[in-house]
Amino acid sequence: MTTKLKTYGERATSLPNKTAQELLTLMERKKSNLAVALDVTTKQEFLDIADKVGPYICCLKVSHMQIPSSIIDSLKCLRIYLDVINIWLQESLKDYRRVPKMTHIDILEDFDQDLIDKLKKLQKKHDFIIFEDRKFADIGNTVKHQYSKGIYKIAEWADIVDAHAIPGDGIITGLKEIGLPLNRGLLLLAEMSSKGNLATGAYTEATIEMAKRHKDFVIGFISGKKFNSCDELIIMTPGISLDISNDDLGQQYKTPRNVIENGSDIIIVGRGIYGKGKDAVVEAQRYRNAGWEAYLEKLE
Ligand code: 6AU
């Protein structure tokens with residue numbers, strides 16, 4: 001006898017993490033298992049596409065929050081001023097050789113809060129979860145700071161982040177210290193979509209075991225398929241296209257149906273939606289329908 005598959009909504013109650021519950025409930029409500037990977041480099045483009053695809057998605061995936069070009073321009077100007085001041089100081093204070101040099105530009109606090117404010121407004125308007133694809137990969141103490149501090153303060157606005165399992169359990173414990181009190185969730189990269197990647201076999205198995213030890217915070221995996229030993233966790237799958245099978249840099253694509261049949265819950269689509277010559281609204285609807293139909297067929 002085959003057991004009937006649970007719907008996204010039914011699964012929401014079996015997970016302890018609040019973000020996971022919210023995500024599954026939202027998917028059912030919006031009838032969408034589509035996450036859009038917004039890998040663009042300007043603030044305006046980012047906000048424009050997010051607003052267009054917002055009605056059709058369950059999740060917006062941000063890639064390592066790009067620094068808007070306006071900030072980069074300001075930082076370049078700042079750098080020129082600092083160089084001028086530095087030369088002036090070197091000249092005027094020849095006897096005082098200990099002039100400080102600024103080397104830690106990545107811990108500056110003047111990140112553009114306006115982008116985050118607007119993103120949060122779009123989240124309210126369209127009802128989606130924000131996933132910052134930060135792919136943490138360091139020891140617990142370091143990732144804790146990367147998650148909560150610096151210019152991005154990821155923990156303040158991202159509902160979900162992801163991490164590689166390579167450093168061991170400490171990476172989860174470190175992120176959890178920051179994320180759990182805020183009801184955030186974590187995805188582990190158990191598999192990758194790119195050609196020749198090393199996240200296979202024993203590595204994938206060890207990643208699954210790590211997730212099982214932290215079910216309060218780990219809500220699922222980046223992977224191409226469901227894992228039987230923890231089938232309640234959420235599977236998010238990148239490398240999705242309805243039109244092509246690869247790009248020039250090792251990315252490999254499957255269709256929404258391929259991966260949903262393998263147990264994926266959420267399809268992550270990037271360039272297939274906003275790439276050159278694409279109409280983001282038309283494509284978002286096309287991928288949303290393809291993902292949802294595959295899910296309904298699987299439930300039958
Ligand atoms: O649809 P694409 O190929 O334009 O974009 C795929 C998106 C990109 C990648 O950084 C991401 O999916 N991705 C990920 C993650 C974690 O999301 C893992 C992976 O194995 N492959 C992959 O493409 O934003």
Side-chain angles (χ1 to χ4, degrees), residues 23 33-41 45-46 49-50 52-53 56-66 128-137 143 146-147 154 158-166 171-172 175 184-201 203-204 207-208 211 218-227 233-260 262-280 283-284 286-288 290-291:
L23 175 58
N33 51 15
L34 170 65
V36 169
L38 249 188
D39 299 339
V40 292
T41 53
E45 203 181 354
F46 179 92
I49 301 174
K52 280 185 185 160
V53 302
Y56 314 106
I57 64 176
C58 63
C59 177
L60 186 77
K61 186 179 85 68
V62 186
S63 272
H64 310 191
M65 187 52 87
Q66 315 277 358
F128 54 69
I129 293 283
I130 301 172
F131 164 24
E132 159 63 10
D133 182 10
R134 175 60 180 77
K135 296 189 180 77
F136 293 104
V143 295
Q146 291 173 325
Y147 189 18
I154 295 167
D159 303 297
I160 303 174
V161 290
D162 57 351
H164 288 289
I166 191 126
I171 189 167
I172 304 182
L175 292 170
R184 306 303 191 206
L186 176 70
L187 298 166
L188 290 182
L189 284 117
E191 292 183 332
M192 292 197 73
S193 62
S194 47
K195 196 167 180 214
N197 79 80
L198 307 178
T200 59
Y203 180 84
T204 301
T207 305
I208 297 166
V218 177
I219 65 167
F221 301 102
I222 296 292
S223 131
K225 59 177 181 295
K226 178 88 69 198
F227 305 112
L233 292 187
I234 299 168
I235 304 292
M236 295 184 64
T237 309
I240 301 292
S241 174
L242 285 164
D243 306 310
I244 53 174
S245 56
N246 57 279
D247 72 2
D248 298 336
L249 296 172
Q251 176 69 297
Q252 307 176 110
Y253 291 111
K254 290 183 176 166
T255 66
R257 175 159 284 112
N258 290 156
V259 300
I260 285 170
N262 276 338
S264 172
D265 297 308
I266 295 175
I267 52 170
I268 301 177
V269 187
R271 289 163 289 176
I273 285 182
Y274 56 79
K276 231 179 173 184
K278 307 253 181 199
D279 178 328
E283 296 300 333
R286 187 161 80 109
Y287 278 93
R288 185 250 199 134

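Position 1 is the first residue of the sequence; numbering continues from there. All values below come from the heavy atoms of this structure, side chains included, with hydrogens, waters and symmetry mates left out. One-based numbering, in listed order, for ligands and for the atoms of each.
At a heavy-atom cutoff of 4.0 Å, ligand 1 is contacted by the side chain of A37 but not by its backbone. Contacts between N197 and ligand 1, counted as non-hydrogen atom pairs separated by less than 4.0 Å, are absent for every part of the residue.
Nearest protein neighbour of atom 12 (O) of ligand 1, counting heavy atoms only, is P238 CB, 3.3 Å. For atom 9 (C) of ligand 1, the nearest protein heavy atom (residue, atom name, distance) is K61 NZ, 4.1 Å. For atom 1 (O) of ligand 1, the closest heavy atom belonging to the protein is G270 N, 2.9 Å. The protein non-hydrogen atom at the shortest distance from atom 8 (C) of ligand 1 is D39 OD2, 3.2 Å. Of the protein's non-hydrogen atoms, the one nearest atom 20 (O) of ligand 1 is S193 N, 2.8 Å. Among protein heavy atoms, atom 3 (O) of ligand 1 sits closest to Y253 OH, 2.7 Å. If you check which protein heavy atom lies closest to atom 23 (O) of ligand 1, you get Q251 NE2, 2.7 Å.
To the nearest 0.5 Å, atoms CD1 (I266) and CG (L23) are separated by 4.0 Å. Summarising the geometry, atom CE belonging to M236 is positioned 4.0 Å from atom SG belonging to C59; distances are rounded to the nearest 0.5 Å.
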Q | Trace of the salt bridge (charged side-chain N to carboxylate O under 4.0 Å, His left out) decision for R271 with D39 | A | CA-CA 8 Å; R271 289 163 289 176; D39 299 339; over 6 Å; no
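One N or O on the side chain of Y203 and one on the backbone of I166 form a donor-acceptor pair closer than 3.5 Å. At distances below 3.5 Å, not a single donor-acceptor pair connects side-chain atoms of Y253 with backbone N or O atoms of D243. A donor-acceptor pair is defined here as one N or O able to donate and one able to accept, closer than 3.5 Å; such a pair exists between the side chain of R184 and the backbone of A158.
In terms of heavy-atom proximity, E191 sits nearest to G224 at OE1-N, 2.9 Å. What you find for K135 and D162 is that their closest heavy atoms are N-OD1, 2.8 Å. Here the closest non-hydrogen pair linking F221 and L187 is N-CD2, 3.8 Å.
Within the structure, ligand 1 lacks M236 among the residues with a heavy atom less than 4.0 angstrom away.
The atoms of ligand 1 that sit less than 4.0 Å from any heavy atom of R271 are 1 (O), 2 (P), 3 (O), 4 (O). Listed by number with element, the atoms of ligand 1 under 4.0 Å from a non-hydrogen atom of D162 are 16 (C). Close approach of ligand 1 to M192 is summarised as follows: ligand atoms under 4.0 Å from at least one heavy atom of the residue are 19 (C), 20 (O).
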